[in-house]
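Here is the structure we will look at.
Note that this is a predicted model, so its numbers are computed, not measured.
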Amino acid sequence: MNHEDGLSRRQQKAMQTRLNLLHAGKVIFLKEGFQKATMTEINKQANTGYGTAYVYFKNKDELFSELMENIVEKMYEVASLPFEPKTSEEAFEQIKTQVRLFIQAALDEQEMMKVLKEAIGVSEIVEGKWSQIRTRFIAGIIKDITFVQEAGMANKEIEASLIARGWYYMNEQVMWDILLGEVAEDLNRVAENLALLYTRGLYVGK
């Protein structure tokens with residue numbers, strides 16, 4: 001056995017411990033909610049030594065922030081779908097599909113998204129992480145708007161960054177309303193109406 005082999009095993013063990021803590025965290029957050037969950041419970045659920053969780057995460061806020069990346073992974077995939085429409089009609093169909101898939105991805109993680117909503121309201125760390133996630137989504141929308149403006153399909157006088165923020169926040173609010181059960185809407189109808197509102201305001205001749 002050489003030093004590198006020993007180091008590799010230690011790294012593998014550390015990686016597995018971290019994954020165990022993240023899995024345990026998800027179990028506890030789903031069971032207790034964000035505010036009631038404790039690092040002690042997470043440590044116990046992961047069956048790790050006393051205080052081990054603190055070696056990897058300063059607090060439950062940091063642990064949850066890392067879980068957030070996994071929660072929104074499918075939503076990122078939707079936002080990263082290729083968007084190079086040749087016509088306004090094609091753009092409308094693609095946008096409608098993206099809206100539906102975006103909200104569906106959130107619904108697929110509905111219980112954890114509910115915990116996320118709670119955490120955003122009480123944790124500055126989680127709120128900051130969600131702000132970073134929003135920024136990433138908005139940057140993607142700016143890119144899409146710029147593409148259709150340069151292609152002559154969208155009004156070039158419209159400020160892409162402003163419209164991108166408004167479009168994202170509208171989708172996020174509708175997403176939360178549906179996730180939290182505040183509105184009961186058919187997802188296809190929601191996607192079609194939001195896409196119509198967006199494209200008719202932005203696209204030339206819509």
Any chance you could measure [X], atom [atom1], to [Y], atom [atom2], to the nearest 0.5 Å?
{"X": "Lys44", "Y": "Ile42", "atom1": "NZ", "atom2": "CD1", "result": "13.5 Å"}
{"X": "Gln104", "Y": "Asn188", "atom1": "CD", "atom2": "CG", "result": "9.5 Å"}
{"X": "Thr38", "Y": "Glu32", "atom1": "OG1", "atom2": "CD", "result": "7.5 Å"}
{"X": "Gln132", "Y": "Ser65", "atom1": "CD", "atom2": "OG", "result": "8.5 Å"}
{"X": "Ile163", "Y": "Met170", "atom1": "CD1", "atom2": "CE", "result": "9.5 Å"}
{"X": "Leu116", "Y": "Phe64", "atom1": "CG", "atom2": "CZ", "result": "5.0 Å"}

Report yes or no: does [X] contribute a side-chain atom to a donor-acceptor pair with the main-chain N or O of [Y] at less than 3.5 Å?
{"X": "Asn193", "Y": "Arg189", "answer": "yes"}
{"X": "Thr199", "Y": "Phe92", "answer": "no"}
{"X": "Glu111", "Y": "Lys31", "answer": "no"}
{"X": "Glu118", "Y": "Phe34", "answer": "yes"}

Where is the tightest heavy-atom contact between [X] and [Y], given as atom of each residue plus distance?
{"X": "Leu179", "Y": "Ala106", "value": "CD2-O, 3.5 Å"}
{"X": "Ala119", "Y": "Val126", "value": "CB-CG1, 3.7 Å"}
{"X": "Asn43", "Y": "Ala53", "value": "OD1-N, 2.9 Å"}
{"X": "Leu22", "Y": "Leu67", "value": "O-CD2, 3.5 Å"}
{"X": "Thr17", "Y": "Thr52", "value": "CG2-CG2, 4.0 Å"}
{"X": "Ala24", "Y": "Gln45", "value": "CB-CG, 3.5 Å"}

**Message:** Is it the case that atom CG in Asp186 sees more than 12 heavy atoms from other parts of the structure closer than 6.0 Å?
**Reply:** yes
**Asked** Any chance CZ of Arg18 has more than 12 other-residue heavy atoms, nucleotides or ligands included, within less than 6.0 Å?
**Response** yes
**Message:** Just so I know, are the side chains of Leu180 and Lys117 near enough to count as touching, which here means a heavy-atom distance under 4.5 Å?
**Reply:** yes
**Prompt:** In terms of side-chain heavy atoms, does Gln173 have a donor or acceptor partner in Tyr169 at a distance below 3.5 Å?
**Reply:** no
**Prompt:** Going by atom types only, do Gln94 and Glu90 share a side-chain donor-acceptor pair under 3.5 Å?
**Reply:** yes
Shared ILVMFWY cluster between [X] and [Y], side chains joined below 4.5 angstrom?
{"X": "Val27", "Y": "Leu30", "answer": "no"}
{"X": "Leu162", "Y": "Ile145", "answer": "no"}
{"X": "Ile125", "Y": "Met68", "answer": "no"}

**Request:** Tell me, please, which residues at least two apart from Lys129 pass salt bridge (charged side-chain N to carboxylate O under 4.0 Å, His left out).
**Result:** Glu69
**Request:** Flag the pair Lys60 and Glu41 as a salt bridge only when some basic side-chain nitrogen lies within less than 4.0 angstrom of an acidic carboxylate oxygen.
**Result:** no
**Item:** Sidechain N-carboxylate O distance under 4.0 Å for Arg100, Glu192
**Value:** no
**Message:** Check the orientation of Trp176 and Trp130. Use parallel for under 30°, tilted for 30 to 60°, and perpendicular for over 60°.
**Reply:** tilted
Can you give each donor-acceptor pair under 3.5 Å made by side-chain atoms of residues 71-86, sequence neighbours left out, with the distance rounded to 0.1 Å?
from	atom 1	to	atom 2	distance (Å)
Ser80	OG	Tyr76	O	2.9

**Prompt:** Hey, which of Ile142, Thr146, Ile141, Ile138 is the one that makes side-chain contact (heavy atoms from CB on, under 4.5 Å) with Ser161?
**Reply:** Ile142
